[in-house]
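All values reported here derive from a predicted model rather than from experimental measurement.
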Amino acid sequence: MKFSAASMALRAVRKHRGWPPMWRPAEPRRHYDVLIVGGGGHGLSTAYYLAANHGISNVAVLEKGWIGRGNTGRNTTIVRSNYLHGPSTRFYDHSLQLYETLAHELNINLMFSQRGVVNLAYGRQELRAMNRRVNALRHLGIESRMLSLAEIGERVPLLNLSREAARPIFGGFIQERGGICRHDAVAWGYARGADALGVDIIQGCEVTDFDLQGGQVIGVHTSLGHIGAEKVALAVAGHSNLLANRAGFELPLTCLTLQAMVTEPVSPMLDVVLDGPVYVSQSDRGEMVIGGGTDLFNSHAQRGMAATAEQTFAAIVDLFPSFAGLSWLRQWAGMVDYTPDHSPIMGMTPVSGLYISGGWGSYGFKAIPAGGVTMAQTIAQNCPHPLIKAFSLERFASGALIDEGASAAMDLESAIL
C-alpha cells in the first residue's frame with residue numbers, strides 16, 4: 001500500500017498527540033532579576049547556568065520568534081577547538097569539554113559524534129600556517145596533528161587528491177576530538193533544563209527598546225509590554241548592532257549571510273568533518289551537510305544568493321567528483337556578525353547592568369556551552385569570567401585584538417580560484 005509524504009506526516013502527528021511540551025508556556029512577569037534577550041543556544045545556556053550554577057532562577061528568556069529559529073537552527077553543527085591564539089583555544093576547548101558530557105547533564109540525546117575535524121591546506125604557505133597552529137595547540141595541551149597527503153587519502157578515500165584539481169591539496173591537520181552535534185537538540189535541551197529550574201521562556205516577545213535611568217538599565221520595552229529587570233543580557237547574533245544602538249552605544253560588527261545546504265541522503269561515505277573555506281560532513285540521516293563562504297554584502301536575511309550556493313557546490317564537486325550526481329535537497333542561511341578580529345564580544349557594555357554575547361561570526365554553535373557558563377558567571381558576579389576577559393568590548397580601543405580570521409568560514413572566492 002502506497003502513502004504520500006503528506007499522509008505519512010499526518011499519521012505521525014496523530015500518533016504523537018498528547019505528548020507533554022518540553023517546556024511550559026510562560027507569560028511575562030512585571031520584573032525579573034535577569035532578562036536574556038535571544039532564545040538561541042547562547043541565550044538559553046546562559047539562563048540555564050544562571051539557575052544551575054548560581055541559583056538565580058528569577059530569569060526570563062525573551063525570543064521574538066520561536067526557540068532555535070535563528071543561527072542555532074541554521075548552522076552546520078561543527079564542534080571543535082583548533083584555534084590559534086591562547087584565549088580562543090582555551091575558551092573553545094572548555095566548550096568542547098562541556099559538549100562531551102552535555103547529553104548526560106541535560107538528559108537528552110544530542111547525537112554528539114566526535115568523528116574528527118580535518119582542515120585541508122591548499123598551498124605550502126597554508127600548510128606552514130597549519131603547522132604553526134598545531135604547535136600552538138599542542139603547547140596548550142590540546143591534541144592535534146599534521147596529516148600528510150597519503151594520510152588524508154587513507155582517511156578520506158573519496159577526496160580528489162589529484163594535482164589536476166582546481167585547487168590541489170598539499171596536506172592538512174586533524175583534531176580527533178572535534179565533530180558534529182545535533183543543533184536543535186542543544187537548544188531544546190537547554191530550554192528544557194532552564195525551564196525545570198524555574199526560568200521563564202517567553203516566545204513571540206520582541207524587545208523594541210530599553211528602559212534606562214542614569215546610565216543603568218532597569219528594564220525593556222517589548223511587543224508584550226514593559227518588563228522590569230535588574231540586569232539584561234543580549235544574545236541576539238546578527239541583531240546585536242540594532243539593539244546596542246537603541247541602548248546608546250555602537251559595536252564594531254558587520255553582519256553577513258552565511259549559507260548552508262544539504263543533499264539527498266546517501267549511504268555512509270564520509271566519517272570525518274572536512275573544515276575550511278568550504279566544509280562538509282555527513283549527517284546521521286545520510287545527507288551531505290555543506291557550507292561555504294558568505295554573500296559579499298551586508299544582510300540580515302535568512303536566505304542566500306544562488307550564485308554563492310553554485311560556487312560552493314563547484315568547490316565541493318572539485319573536492320569530491322563523485323558528489324556531482326547528488327541532488328540538492330534544501331538550502332538555508334544564518335546571519336553571521338563578524339568583528340574586525342573574528343573573535344566574539346563578551347561581557348559588560350557601556351550601560352550598567354547590560355551585558356552582551358555577540359560577534360560570534362561562524363563560531364557561535366561550538367561555543368554555546370562555554371558561552372553560557374562564562375556569561376552566567378559574569379552576570380551573577382558583575383565581573384568578567386577569566387576565560388572571556390580577552391573578549392571584552394574594550395579591546396577595540398586598546399588594540400589588544402585576537403585575530404582568528406584564519407579559522408573563519410567566509411572566504412569562498414579563495415577556495416575556488
Side-chain angles (χ1 to χ4, degrees), residues 26-40 42-47 49-51 53-64 194 198-202 205-253 255 337 339 344-360 371-386 388-400:
E27 295 295 325
R29 296 179 234 160
R30 295 182 61 183
H31 191 276
Y32 290 90
D33 292 335
V34 181
L35 288 175
I36 308 292
V37 184
H42 281 274
L44 292 166
S45 64
T46 300
Y49 291 117
L50 275 168
N53 294 354
H54 302 281
I56 302 173
S57 58
N58 185 24
V59 176
V61 176
L62 309 181
E63 167 54 49
K64 74 174 184 178
V199 173
D200 285 349
I201 297 174
I202 304 167
C205 182
E206 180 178 4
V207 171
T208 57
D209 208 347
F210 296 91
D211 190 0
L212 305 177
Q213 190 174 87
Q216 165 84 35
V217 65
I218 60 172
V220 296
H221 298 281
T222 79
S223 56
L224 299 180
H226 180 272
I227 306 175
E230 301 295 319
K231 299 177 180 180
V232 178
L234 304 180
V236 292
H239 295 292
S240 297
N241 253 338
L242 304 177
L243 288 178
N245 289 344
R246 291 173 187 171
F249 64 95
E250 294 185 356
L251 297 171
L253 296 177
C255 190
D337 48 335
T339 61
I345 301 171
M346 301 181 73
M348 341 285 254
T349 73
V351 177
S352 180
L354 183 61
Y355 306 82
I356 187 166
S357 174
W360 289 104
V373 166
T374 55
M375 284 301 297
Q377 180 173 315
T378 299
I379 294 166
Q381 300 179 2
N382 198 36
C383 179
H385 188 287
I388 66 170
K389 281 184 178 180
F391 300 137
S392 70
L393 181 58
E394 285 74 22
R395 76 180 187 272
F396 298 103
S398 68

Checklist entry - How close do Ile379 and Ala233 get, heavy atom to heavy atom, and via which atoms? => result CD1-CB, 3.7 Å

Item to check | Sub-4.5 Å side-chain heavy-atom contact between Leu50 and Lys231 | outcome: no

Checklist outcome for this item: Exactly one of Val232, Leu224, Val220, Val236 clears side chain to side chain contact (heavy atoms under 4.5 Å, CB included) with Leu62, and that residue is Val220

Checklist entry - Below 4.5 Å, heavy atoms only, C-beta onward: do Ile36 and His42 meet side chain to side chain? => result no

Checklist outcome for this item: Sorted by chain and number, sequence neighbours left out, side-chain hydrogen bond (donor to acceptor under 3.5 Å, both in side chains) with Ser240 holds for none

Checklist entry - Within a strict 4.5 Å, meaning less than it, do heavy atoms of the Ile356 and Leu251 side chains meet? => result yes

Next on the checklist: Tell me every residue that passes side-chain hydrogen bond (donor to acceptor under 3.5 Å, both in side chains) with Ser392, counting only those two or more places apart in sequence or in another chain.
Outcome noted: Glu394

Checklist outcome for this item: For Thr374 and Ile388, the nearest pair of non-hydrogen atoms, with its separation, is OG1-CG2, 3.5 Å

Checklist entry - Does any non-hydrogen side-chain atom of Leu44 lie less than 4.5 Å from one of Val61? => result yes

Next on the checklist: Can you list everything that forms a side-chain hydrogen bond (donor to acceptor under 3.5 Å, both in side chains) with His31? Sequence neighbours excluded, please.
Outcome noted: Glu230

Checklist outcome for this item: Sorted by chain and residue number, the ring pair (Phe, Tyr, Trp, His ring centres under 6.0 Å) partners of His221 (sequence neighbours excluded) come out as His226

Item to check | side-chain contact (heavy atoms from CB on, under 4.5 Å) partners of Lys64, counting only residues at least two apart | outcome: Arg69, Glu206, His239

Checklist entry - For Leu234 and Phe210, what are the C-alpha separation, side-chain angles and deciding distance, and is it a side chain to side chain contact (heavy atoms under 4.5 Å, CB included)? => result CA-CA 11 Å; Leu234 304 180; Phe210 296 91; 3.8 Å; yes

Item to check | Set of residues satisfying salt bridge (Lys or Arg N to Asp or Glu O under 4.0 Å) with respect to Arg246, sequence neighbours excluded | outcome: none

Checklist entry - Who pairs with Phe391 by ring pair (Phe, Tyr, Trp, His ring centres under 6.0 Å), at least two apart in sequence or on another chain? => result Phe91

Next on the checklist: Going by side-chain contact (heavy atoms from CB on, under 4.5 Å), name the residues that satisfy it together with Pro350, two or more places apart in sequence or in a different chain.
Outcome noted: Phe249, Leu393

Item to check | Minimum heavy-atom distance between Glu63 and Gly38, given as atom pair plus value | outcome: OE1-C, 3.8 Å

Checklist entry - Taking C-beta and beyond as the side chain, do Pro386 and Gln377 meet within less than 4.5 Å on heavy atoms? => result yes

Checklist entry - In Å and rounded to the nearest 0.5 Å, what is the CD1 to CG distance from Ile218 to Leu354? => result 13.0 Å

Checklist entry - Which pair of non-hydrogen atoms, one from Val59 and one from Ala47, has the smallest distance, and what is that distance? => result CG1-CB, 4.1 Å

Checklist entry - Are the side chains of Thr339 and Leu253 in touch, meaning some heavy atoms are under 4.5 Å apart? => result yes

Checklist entry - Listed by chain and number, what are the side-chain hydrogen bond (donor to acceptor under 3.5 Å, both in side chains) partners of Asp200, not counting sequence neighbours? => result Arg24, Arg29, Tyr32

Checklist outcome for this item: Residues Ser357 and Met375: closest non-hydrogen pair is CB-CG, 4.0 Å

Item to check | Contacts of type ring pair (Phe, Tyr, Trp, His ring centres under 6.0 Å), residue Tyr49, not counting sequence neighbours | outcome: Tyr190

Item to check | Residues forming a side-chain contact (heavy atoms from CB on, under 4.5 Å) with Ala51, sequence neighbours excluded | outcome: Ser57, Leu197, Val199

Checklist entry - So which heavy atom on Ile56 is nearest to which on Ala380, and how close? => result CD1-CB, 3.8 Å

Item to check | More than 12 heavy atoms from other groups under 6.0 Å of CD on Gln381 | outcome: yes

